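Written out below as structure tokens is the structure these notes cover.
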Amino acid sequence: MPIKSDRWIRRMCDEHRLIEPFEPGQVREGVISYGLSSYGYDIRVAAEFKVFTNVYNVVVDPKAFDPRSFIDVREGICNIPPNSFALARTEEYFRMPRNVLAICVGKSTYARCGIVVNVTPLEPGWEGYLTLEISNTTPLPAKIYAGEGIAQLLFFEGDEEPSVAYADREGKYQHQSGVTLPRL
């Protein structure tokens with residue numbers, strides 16, 4: 001399953017609306033870069049964040065998640081406290097074909113500042129805005145810039161479609177539209 005090139009990504013966006021909005025080149029002037037690259041696509045973070053807080057001293061439990069664990073930030077810059085965590089979403093909406101999987105890796109600009117971005121794989125048949133998990137591993141506050149690059153997606157096309165895709169099993173994160181908290 002070879003990684004897909006910029007030509008393949010561009011064709012999939014034109015024919016199947018893989019990424020919307022789609023930036024056909026690298027935007028770099030004065031921003032952390034985003035858009036199409038040689039073998040991937042640099043995604044942008046939207047101005048919608050949920051930053052962990054311990055104000056209510058709740059336990060983080062993926063089976064019974066308490067939304068009081070976060071405060072909402074809707075600004076162009078999000079400051080993540082030292083050794084803390086935030087959820088965000090992409091500006092881009094994705095429509096994954098039934099035979100394509102994408103994985104996400106962080107951008108070096110943030111990685112060199114101790115910022116780790118995690119996104120679970122974009123499974124075949126999944127559609128929606130990506131929820132981003134952003135960790136500040138440093139003992140200092142960290143700035144995240146909305147509307148700019150945050151991570152890169154790498155696309156892999158399978159030789160055949162899976163027998164059951166994400167949409168077929170009615171995945172719980174299908175068509176997510178905002179920062180989506182854990183669901184059971």
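Since the model is a prediction, treat every value here as computed from it, not as a measurement.
Other residues, nucleotides and ligands place no more than 12 heavy atoms under 6.0 Å from the OH atom of Tyr39. Environment of NZ in Lys143: sparse, with no more than 12 heavy atoms of neighbouring residues, nucleotides or ligands closer than 6.0 Å. The number of heavy atoms from other shown groups lying within 6.0 Å of CZ (Arg28) does not exceed 12. Within 6.0 Å of the CD atom in Glu15, the count of heavy atoms belonging to other residues, nucleotides or ligands exceeds 12.
Taking 4.5 Å as the limit, every side-chain heavy atom of Phe49 sits out of range of all side-chain heavy atoms of Ile80. Between Val51 and Pro81, the closest side-chain pair of non-hydrogen atoms falls below 4.5 Å. The shortest side-chain heavy-atom distance between Leu122 and Leu101 does not fall under the 4.5 Å cut-off. Residues Leu181 and Leu87 are in side-chain contact: their nearest non-hydrogen atoms beyond the backbone lie under 4.5 Å apart.
Between atom CD1 of residue Ile19 and atom CD1 of residue Ile9 there is a gap of 6.5 Å, rounded to the nearest 0.5 Å. Taking CD1 from Ile134 and CZ from Phe52, the interatomic distance works out to 12.5 Å, rounded to the nearest 0.5 Å. Interatomic distance, Asp42 CG to Tyr34 OH, rounded to the nearest 0.5 Å: 11.0 Å. Atom CG of Asn57 is separated from atom OG of Ser69 by 10.0 Å, given to the nearest 0.5 angstrom.
The minimum heavy-atom distance linking Ala47 with Glu75 is given by the pair CB-O, 3.3 Å. Listed here is the closest heavy atom pair of Pro62 and Pro182: O-CB, 4.2 Å.
Side-chain atoms of Glu161 and Asn99 include no donor-acceptor pair closer than 3.5 Å. For the residue pair Glu127 / Tyr93, a side-chain donor-acceptor distance below 3.5 Å is found, with atom types taken as modelled. Side chain to side chain, Ser37 and Gln26 fail the donor-acceptor criterion of an N or O pair below 3.5 Å.
Between Tyr41 and Phe22, a ring centre-to-centre spacing shorter than 6.0 Å is recorded. Ring centroid separation for the pair Phe65 and Phe70 comes in under the 6.0 Å cut-off.
Scored by the salt bridge (charged side-chain N to carboxylate O under 4.0 Å, His left out) test, Arg44 finds Glu91, Glu92 as partners (sequence neighbours excluded).
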